[in-house]
There are 4 protein chains.
Amino acid sequence: MVSTGKGSGPHRDGSGASGGGRRRGSVLASERREHLVRLAAELFAEKGYQATTVRNIADEAGILSGSLYHHFDSKESIVDEILSSFFDELNAANKAVLERGGDPRTVLAELVRNCFRTLVPHRAAVMVMQNDWNYLRRFDRFDYLARAEEETERLWVGQIERGQGTGLFRDDIDARLTYRMIRDTIWVAVRWFQPAGRLDAEGVADHYIAVLFDGISTGPR
Amino acid sequence: MVSTGKGSGPHRDGSGASGGGRRRGSVLASERREHLVRLAAELFAEKGYQATTVRNIADEAGILSGSLYHHFDSKESIVDEILSSFFDELNAANKAVLERGGDPRTVLAELVRNCFRTLVPHRAAVMVMQNDWNYLRRFDRFDYLARAEEETERLWVGQIERGQGTGLFRDDIDARLTYRMIRDTIWVAVRWFQPAGRLDAEGVADHYIAVLFDGISTGPR
Amino acid sequence: MVSTGKGSGPHRDGSGASGGGRRRGSVLASERREHLVRLAAELFAEKGYQATTVRNIADEAGILSGSLYHHFDSKESIVDEILSSFFDELNAANKAVLERGGDPRTVLAELVRNCFRTLVPHRAAVMVMQNDWNYLRRFDRFDYLARAEEETERLWVGQIERGQGTGLFRDDIDARLTYRMIRDTIWVAVRWFQPAGRLDAEGVADHYIAVLFDGISTGPR
Amino acid sequence: MVSTGKGSGPHRDGSGASGGGRRRGSVLASERREHLVRLAAELFAEKGYQATTVRNIADEAGILSGSLYHHFDSKESIVDEILSSFFDELNAANKAVLERGGDPRTVLAELVRNCFRTLVPHRAAVMVMQNDWNYLRRFDRFDYLARAEEETERLWVGQIERGQGTGLFRDDIDARLTYRMIRDTIWVAVRWFQPAGRLDAEGVADHYIAVLFDGISTGPR
DNA sequence: CATGAATGAGGCTTCATTCAT
DNA sequence: AATGAATGAAGCCTCATTCAT
């Protein structure tokens with residue numbers, strides 16, 4: 001996981017107890033932990049966060065539910081790990097695009113590609129954001145996600161407005177409204193998108209970019 | 001509620017028990033019932049279906065939770081009423097558009113407008129569909145909603161393909177993929193759309209139609 | 001229960017839900033509630049607060065543990081009710097003594113008698129204070145008890161010092177230290193005192209007052 | 001630890017397992033063990049026996065909770081060690097006083113001083129006895145403590161009655177009742193007594209002895 | 001039509017303890 | 001002598017639902 005600071009990152013639980021000098025031990029521990037996170041992520045994606053019980057997760061791992069608390073101090077901290085890892089990766093990728101620069105059309109296209117590329121390895125996290133955010137947002141510990149999203153909005157809207165300023169994009173559309181439509185369309189695709197299907201992540205991204213920039217109509221605008 | 005048949009309509013449970021011979025009484029009862037449904041809908045929209053307890057609903061109505069069961073025989077039947085009423089209205093409107101006919105571009109634009117128009121009075125239902133469908137879909141009683149959606153998909157995809165056939169729409173896009181993107185983008189807007197804001201339902205619909213047909217770019221395609 | 005205000009009184013749980021116009025209902029409800037409190041009090045006294053489970057209480061009442069939460073919103077709120085009721089009664093009695101006035105020896109003797117008199121009907125509360133206060137004090141909700149005790153200390157110390165000022169009490173003893181010894185000796189007696197035994201509350205109080213004022217020695221001081 | 005026989009001493013469990021043939025090793029082990037007992041004692045005194053988890057103790061020692069079981073075979077055996085060491089020391093001191101002999105007033109005064117002197121180094125044990133005995137007494141393994149207390153009661157009551165017989169002490173007081181009051185008052189002082197405060201152990205003992213023998217009043221009895 | 005009480009299933013979490021490494 | 005993982009029992013609490021009054 002690439003923790004980018006900026007207040008992101010899960011509220012990790014008192015790992016202080018597990019000392020820190022040994023080598024193999026902590027690597028293995030972390031492997032076990034990541035395995036459990038992956039199992040939980042799949043269940044959260046499939047059944048939803050609330051409907052997934054810690055027993056479901058433990059069953060999947062072949063242990064008792066209480067044993068999960070050797071690795072995590074709450075169900076929340078598991079989903080936190082899932083979500084923060086997703087946001088960290090996406091933010092890092094977006095930052096890289098911005099640093100590479102380019103005209104707004106290129107930047108926007110790359111941002112779209114970032115999303116679809118991140119969607120594949122973080123399918124569960126995106127699923128949770130789509131289905132369970134309305135529940136999770138009530139917990140203070142997830143405030144950092146709302147703040148991360150606000151920052152992302154500023155980034156996209158900035159590019160759209162820059163494009164309108166240089167005449168690349170139509171002037172009669174609302175930048176913020178447009179951003180939200182783009183964002184939602186992309187992420188909500190997680191509900192049906194199958195990388196193994198006819199179109200892979202790049203394919204869907206290209207399809208989406210095509211429609212986004214030029215619409216579905218033929219002929220002159 | 002306009003029950004359009006076709007398997008739609010909530011699975012109302014043993015309404016025979018309380019629907020005795022009274023006339024005026026049942027009108028009042030029905031008003032009370034609709035009031036309770038509205039209260040529940042708002043809570044479902046705000047906190048999510050699972051996170052809303054029957055006690056929350058009862059509190060809002062100023063009664064005890066057990067008393068709700070004089071009006072509904074389960075929490076599921078409440079949300080069923082909310083969702084079926086939304087789908088009934090939308091299906092009816094879509095059918096009307098199809099009957100009016102017209103070229104695919106016109107029809108598609110009208111279908112988009114239907115959605116945004118329905119979104120306003122059925123905000124809660126759309127919210128529930130966006131946030132809680134992943135949970136609700138597991139119950140057999142809601143199968144009818146999945147079937148309704150399949151029918152709607154056929155309807156839209158049919159129009160898009162007709163448009164591609166007549167050269168109105170680009171040939172290099174995937175009709176089903178495009179439909180899903182359109183659908184998701186529209187409904188997910190319920191998360192931020194505020195009819196009292198800068199743009200009303202028609203305004204947002206127009207904005208969306210503009211981008212959909214012609215993209216956000218300027219200049220030749 | 002005589003709620004004397006002054007920040008005392010348990011954090012009573014949202015009784016707002018149970019409306020308030022009916023007569024017999026709320027009286028009965030309150031009777032049931034008090035019955036449960038009494039059962040819990042006896043268990044807390046016998047086994048300790050922590051070692052008493054909500055199941056123990058429910059079993060004693062012949063209901064399921066979850067059903068307790070129809071009457072209380074937590075185990076803490078039950079013990080709160082027990083303790084606040086005890087403190088309220090004691091504070092009220094002490095206030096009455098102060099208002100009657102008299103020389104410090106008389107007042108002190110009456111305060112002692114107050115304690116032993118209150119001990120009998122509130123045996124469980126005193127037991128909990130002796131055995132479980134070290135645990136309960138960690139919860140903010142019980143801060144009011146610590147504050148009540150501070151006020152009582154001021155009251156007693158005031159009387160002892162007044163007695164020293166008028167030459168009634170020895171000058172070579174520490175008022176605060178003496179108060180604490182008196183207080184502790186009295187309340188800790190709950191561990192062995194049995195009202196049905198050889199001495200009743202008044203008898204033990206008199207015995208204690210005799211030793212307190214004149215010591216156990218014979219002959220000149 | 002001075003194990004005085006008479007059923008005292010902790011129920012040490014299978015120490016044969018870890019007490020192999022090493023000499024220097026067992027001294028070090030014993031030091032480590034005593035260190036852990038001291039850490040545990042402080043936590044028990046502060047938070048109570050039940051509320052202190054073995055993990056709390058292990059954290060304090062900088063090890064994992066499972067590792068404690070190389071030194072003790074249960075949480076009970078730790079508190080047993082704390083309490084038996086306290087009782088052993090007190091009993092030995094009391095025996096020495098009895099052996100020195102003297103008139104009941106002198107003996108009683110010395111017994112009181114014994115208590116306050118023992119209280120300081122065994123603060124935690126006394127705290128546990130005050131706060132957690134009601135819980136611990138349910139375990140057979142602590143029966144020996146109840147028996148030790150009975151023996152002590154006989155010892156004190158014997159001295160009081162001897163004093164009443166020789167006319168040193170008032171005849172109108174109950175020996176057993178008086179003993180319990182003295183005992184409770186002394187030990188419960190652990191809740192507020194601070195050796196570093198205005199009065200040290202001897203000072204508090206003298207204060208207490210003065211009030212005990214002559215009361216707080218001035219003038220003739 | 002509502003109340004008040006209860007059910008029963010289940011949820012998350014804690015914790016003393018065990019044991020292979 | 002310690003770790004890291006797990007157990008198993010239990011704890012407090014929640015919630016949809018039922019039902020006599």
Side-chain angles (χ1 to χ4, degrees), chain A residues 17-19 21-22 24-26 28-30 32-33 36 50-58 61-76, chain B residues 18 25 28-29 32 50-58 61-76 78, chain C residues 17-19 21-22 24-26 28-29 32-33 36 50-58 61-76, chain D residues 18 25 28-29 32-33 50-58 61-76 78:
Chain A
S18 61
R22 285 144 317 82
R24 218 190 26 189
S26 56
L28 285 180
S30 141
R32 183 86 178 107
R33 189 187 169 95
L36 293 171
Q50 291 172 89
T52 301
T53 69
V54 294
R55 265 262 288 273
N56 290 153
I57 302 171
I63 58 177
L64 291 180
S65 67
S67 304
L68 278 178
Y69 289 79
H70 185 64
H71 303 278
F72 310 96
D73 51 33
S74 71
K75 193 185 165 189
E76 277 174 36
Chain B
S18 69
L28 286 179
R32 183 96 175 100
Q50 292 172 87
T52 301
T53 68
V54 293
R55 226 186 106 176
N56 290 153
I57 302 171
I63 58 178
L64 292 182
S65 64
S67 307
L68 275 179
Y69 288 79
H70 288 287
H71 302 279
F72 310 95
D73 50 41
S74 72
K75 193 183 165 190
E76 278 173 33
I78 303 179
Chain C
S18 61
R22 286 144 315 85
R24 218 189 27 189
S26 58
L28 285 180
R32 183 87 180 107
R33 189 186 170 97
L36 293 171
Q50 291 172 88
T52 301
T53 68
V54 294
R55 265 262 288 271
N56 290 153
I57 303 171
I63 57 177
L64 293 180
S65 67
S67 305
L68 278 179
Y69 290 80
H70 185 63
H71 304 278
F72 310 96
D73 51 33
S74 70
K75 193 185 165 190
E76 277 175 36
Chain D
S18 68
L28 287 178
R32 184 93 175 101
R33 188 187 170 93
Q50 292 171 88
T52 300
T53 69
V54 296
R55 225 186 107 177
N56 290 153
I57 303 171
I63 58 178
L64 291 183
S65 66
S67 306
L68 275 179
Y69 288 79
H70 287 286
H71 303 278
F72 310 95
D73 50 42
S74 72
K75 193 183 165 190
E76 278 174 34
I78 303 180

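In what follows, every heavy atom counts, from backbone to side chain, and hydrogens, waters and symmetry copies are set aside. Note that this is a predicted model, so its numbers are computed, not measured. The sequence lines fix the lettering, A, B, ..., with proteins before strands; numbering per chain opens at 1.
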When all nucleic acid strands are considered with a 4.0 Å heavy-atom cut-off, which category describes Thr53(D): base, sugar-phosphate, or nothing? sugar-phosphate

When all nucleic acid strands are considered with a 4.0 Å heavy-atom cut-off, which category describes Ile63(C): base, sugar-phosphate, or nothing?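 Sugar-phosphate, backbone atoms only, no base.
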
Minimum-distance pair of heavy atoms, taken over all atoms of [X] and [Y]:
{"X": "Ala51(B)", "Y": "Asn56(B)", "answer": "O-OD1, 3.7 Å"}
{"X": "Leu68(C)", "Y": "Val54(C)", "answer": "CD1-O, 3.5 Å"}
{"X": "Thr52(B)", "Y": "Lys75(B)", "answer": "O-NZ, 2.8 Å"}

Which whole-number value in Å describes the distance from [X] [atom1] to [N] [atom2]?
{"X": "Leu64(B)", "N": "dA20(F)", "atom1": "CG", "atom2": "C1'", "result": "15 Å"}
{"X": "Asn56(D)", "N": "dC15(E)", "atom1": "CG", "atom2": "C1'", "result": "10 Å"}
{"X": "Phe72(D)", "N": "dA1(F)", "atom1": "CZ", "atom2": "C1'", "result": "13 Å"}
{"X": "Ile78(D)", "N": "dA16(E)", "atom1": "CD1", "atom2": "C1'", "result": "11 Å"}
{"X": "Leu68(C)", "N": "dT14(F)", "atom1": "CG", "atom2": "P", "result": "12 Å"}
{"X": "Gln50(B)", "N": "dG11(E)", "atom1": "CD", "atom2": "P", "result": "12 Å"}
{"X": "Asp73(D)", "N": "dT17(E)", "atom1": "CG", "atom2": "P", "result": "8 Å"}
{"X": "Arg55(A)", "N": "dG11(E)", "atom1": "CZ", "atom2": "P", "result": "7 Å"}

The Watson-Crick or G-U wobble partner of dC19(E), with both key distances under 3.5 Å, is dG4(F)

Look at [X] and [N] and indicate whether a side-chain polar atom (N or O) is within less than 4.0 Å of OP1 or OP2.
{"X": "Ser67(A)", "N": "dT7(F)", "result": "yes"}
{"X": "His70(C)", "N": "dA5(E)", "result": "yes"}
{"X": "Tyr69(A)", "N": "dT14(E)", "result": "no"}
{"X": "Arg32(B)", "N": "dA2(E)", "result": "yes"}

Using the side-chain heavy atoms of His71(A), tell me which of these nucleotides is nearest: dC12(F), dT17(F), dA5(F). dA5(F)

Given that Gly66(B) and Ala51(C) both sit by DNA chain F, which one's nearest nucleotide is further toward the 5' end? Ala51(C)

Hey, which sits more toward the 5' end of DNA chain F by its nearest nucleotide, Glu76(C) or Leu36(A)?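 Final value for this comparison: Leu36(A).
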
Return yes if some donor-acceptor pair links the side-chain N/O of Arg33(C) with the main-chain N/O of His71(C) below 3.5 Å, else return no. yes

Atom CD1 in Ile78(D), atom CG in Asp73(D): separation rounded to 0.5 Å?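 CG of Asp73(D) is found 9.5 Å from CD1 of Ile78(D).
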
